[in-house]
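First the proteins, then the strands, lettered A, B, ... as listed; each starts at 1.
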Protein chains: 2
Amino acid sequence: MVATKNSASPLAGLSEQALAHVAEYFQALADPMRLRILNTLRSGEHNVGELTELCGCSTANVSRHLAALAKQGMVGRESRGTSVYYSIADASIYALCDLVCCNIARQFEQQASVHKSFTKATQKRGRNHP
Amino acid sequence: MVATKNSASPLAGLSEQALAHVAEYFQALADPMRLRILNTLRSGEHNVGELTELCGCSTANVSRHLAALAKQGMVGRESRGTSVYYSIADASIYALCDLVCCNIARQFEQQASVHKSFTKATQKRGRNHP
DNA sequence: CATCTATTTGCGCAATTAGGCAAATAATGA
DNA sequence: TCATTATTTGCCTAATTGCGCAAATAGATG
């Protein structure tokens with residue numbers, strides 16, 4: 001691994017591999033059904049069958065999505081009896097999602113009130129659609 | 001929009017559309033080259049040609065990636081002369097990336113400890129040489 | 001062991017996507 | 001005007017991805 005070690009921020013000076021790793025992490029979150037699963041797991045652990053019902057998704061796909069999330073260390077796996085229970089392994093995921101939701105909410109606000117001026121600066125900011 | 005759950009957090013009770021929107025947001029971050037572009041923009045605004053050189057990517061692709069980032073409101077666009085300058089429009093992106101990097105660093109630590117010798121107790125955390 | 005249930009995985013298909021190449025567009029200057 | 005530079009976009013290909021279906025595994029119970 002070629003670490004450039006520019007310690008301005010964790011993102012600064014990342015190697016190709018590290019960048020790919022971060023991208024994979026985001027990729028795991030870039031699916032509505034996986035987000036739904038994570039959201040469902042917020043209330044506590046659930047097995048695959050429960051998630052299948054709660055998320056309205058086939059068992060096979062829930063299993064696959066859980067595998068993808070587990071690969072990124074987002075959820076933990078625990079076999080109990082004939083079932084496999086999954087739970088959130090990294091609560092900071094929700095911090096990520098909350099940040100994104102805030103950003104998107106902000107976008108919606110801006111979109112909703114294009115002609116209103118609630119931005120403090122009077123600059124013309126990125127409202128450009130061809 | 002159908003809110004199905006109590007709103008303990010922004011992620012809770014998200015409609016299908018909102019969930020898809022969040023997923024799209026993460027999707028925009030789920031590419032190494034786009035992360036590299038964002039990382040490069042951290043030092044300040046750059047035009048497409050500069051980013052092409054700094055990121056080692058073709059002009060067309062840089063342009064496309066920038067369009068994807070702009071679509072999510074992550075970067076802003078400003079034409080000056082014959083060039084188009086892009087800059088970070090939402091600094092909270094870096095908070096996202098930093099969170100992810102911390103999570104991944106943690107993963108690396110755990111992987112490293114496990115890989116090194118699984119006979120040791122995993123409560124010692126002294127493994128950090130990126 | 002046989003069997004049932006729960007979960008995982010292999011395979012194929014349809015849809016999406018990143019990248020290369022070239023043509024099209026925009027802005028500047030002779 | 002035409003030429004030049006900078007950026008965007010259309011088209012194509014290769015690779016990836018999510019899903020449905022069915023077969024395969026793992027664990028518990030008779």
Side-chain angles (χ1 to χ4, degrees), chain A residues 16-17 19-41 45-72 74-87 124 126-130, chain B residues 16-17 19-41 45-72 74-87:
Chain A
E16 210 75 26
Q17 284 187 13
L19 229 43
H21 209 130
V22 176
E24 275 183 23
Y25 195 95
F26 280 124
Q27 178 68 33
L29 295 172
D31 181 87
M33 186 54 72
R34 282 196 290 274
L35 291 176
R36 180 172 296 280
I37 290 172
L38 286 175
N39 191 27
T40 303
L41 287 179
E45 66 170 17
H46 287 289
N47 61 41
V48 180
E50 291 168 352
L51 289 171
T52 292
E53 215 175 302
L54 290 168
C55 297
C57 181
S58 75
T59 310
N61 279 333
V62 167
S63 178
R64 258 187 268 261
H65 283 310
L66 286 168
L69 295 172
K71 188 186 173 195
Q72 299 301 320
M74 296 172 177
V75 299
R77 199 189 110 110
E78 186 190 348
S79 282
R80 277 211 308 276
T82 67
S83 298
V84 178
Y85 285 81
Y86 285 89
S87 58
K124 44 194 182 295
R127 187 86 316 124
N128 37 10
H129 274 244
Chain B
E16 211 76 27
Q17 283 187 13
L19 229 43
H21 209 132
V22 176
E24 274 183 25
Y25 194 95
F26 280 124
Q27 178 69 34
L29 295 172
D31 182 87
M33 186 54 72
R34 281 197 290 272
L35 290 176
R36 182 172 294 281
I37 290 172
L38 287 174
N39 191 26
T40 303
L41 287 178
E45 66 169 16
H46 288 288
N47 60 41
V48 180
E50 291 168 351
L51 289 172
T52 291
E53 217 175 302
L54 289 169
C55 297
C57 182
S58 75
T59 311
N61 279 332
V62 167
S63 178
R64 257 186 268 263
H65 283 309
L66 286 168
L69 294 172
K71 188 186 173 195
Q72 300 300 321
M74 297 172 178
V75 299
R77 199 189 111 110
E78 186 188 350
S79 282
R80 276 210 309 274
T82 66
S83 298
V84 179
Y85 285 81
Y86 284 88
S87 58

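As a whole-Å value, the separation of A/Arg36 CZ from D/dC19 C1' is 16 Å. Going from atom CD of B/Glu24 over to atom C1' of C/dT17 covers 13 Å, rounded to whole Å. Per the geometry, CG belonging to B/Leu66 stands 12 Å off P belonging to D/dT9, to the nearest Å. Protein atom CG of B/Asn61 is 9 Å distant from nucleotide atom P of C/dA18, rounded to whole Å. The NZ atom of B/Lys71 sits 12 Å away from the C1' atom of C/dT16 (whole-angstrom rounding). One atom, CD1 of B/Ile37, and another, P of C/dA18, lie 11 Å apart when rounded to the nearest Å. The separation between A/Asp31 atom CG and C/dT17 atom P is 12 Å, rounded to whole Å. Put simply, CG on A/Leu69 is 14 Å from C1' on D/dG18, counting in whole angstrom units.
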Practice item. Test side chain to side chain contact (heavy atoms under 4.5 Å, CB included) on A/Asp31 and A/His65 and set out the steps. Key: CA-CA 9 Å; A/Asp31 181 87; A/His65 283 310; 3.5 Å; yes

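Toward the 5' end of DNA chain D, the nearer of the two residues B/Val62 and A/Gln27, judged by each one's closest nucleotide, is B/Val62.
Using five terminal pairs a side, the axes of the helix from C/dC1-D/dG30 to C/dA30-D/dT1 at its two ends make an angle of 10°, given in steps of 10 degrees.
When all heavy atoms of A/Val75 and A/Leu66 are compared, the closest pair comes out as CG2-O, 3.8 Å. Between B/Tyr85 and B/Glu50, the shortest heavy-atom distance links the atoms CE2-OE1, 4.4 Å. Nearest heavy-atom pair, A/Pro32 versus B/Ala20, reported as atom, atom and distance to 0.1 Å: CG-CA, 4.0 Å. Summarising the geometry of B/Val62 relative to B/Cys57, their closest heavy-atom pair is CG2-CB, 3.7 Å, with the distance given to 0.1 Å. Here the closest heavy-atom approach between residue B/Ser87 and residue B/Glu45 is recorded as CB-CB, 3.7 Å. B/Ala68 and B/Ala28 make their closest contact through O-CB, 4.5 Å (heavy atoms, listed as atom of the first residue, atom of the second, distance).
Taking only side-chain nitrogens and oxygens, B/His65 never comes nearer than 4.0 Å to OP1 or OP2 of C/dT17. Under 4.0 angstrom from either OP1 or OP2 of C/dA6 there lies no side-chain N or O belonging to A/Asn47. Contact annotation: A/Tyr86 does not reach the phosphate of C/dA6 (side-chain N/O to OP1 or OP2, under 4.0 Å).
Within 6.0 Å of CD in B/Glu53 there are 12 or fewer heavy atoms belonging to other residues, nucleotides or ligands.
When distances run from any side-chain atom of B/Ser58 to the nucleotides C/dA18, D/dT7, C/dG20, the shortest one goes to C/dG20. For B/Thr59, the listed nucleotide lying nearest its side chain is D/dT8; candidates were D/dT8, C/dT7, C/dA18.
Atom CG of A/Leu29 and atom CG of A/Leu69 lie 7.5 Å apart (nearest 0.5 Å). Distance CG/A/Leu54 to CG/A/Asn39: 11.0 Å, rounded to 0.5 Å.
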Might you list the N or O atoms of the protein lying below 3.5 Å from N or O atoms in nucleotides 14-16 of chain D, with each pair's distance?
none

At a cut-off of 3.5 Å, list every protein nitrogen or oxygen paired with a nitrogen or oxygen from nucleotides 22-30 of chain D, distance to 0.1 Å.
| unit_1 | atom_1 | unit_2 | atom_2 | d |
| --- | --- | --- | --- | --- |
| D/dG27 | O3' | A/Gly81 | O | 3.3 |

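Side-chain N or O atoms of A/Thr40 include one that pairs as donor or acceptor with a backbone N or O of A/Arg36 at under 3.5 Å. Checking side-chain atoms of B/Arg34 against main-chain N and O of B/Gln27 turns up a donor-acceptor pair under 3.5 Å.
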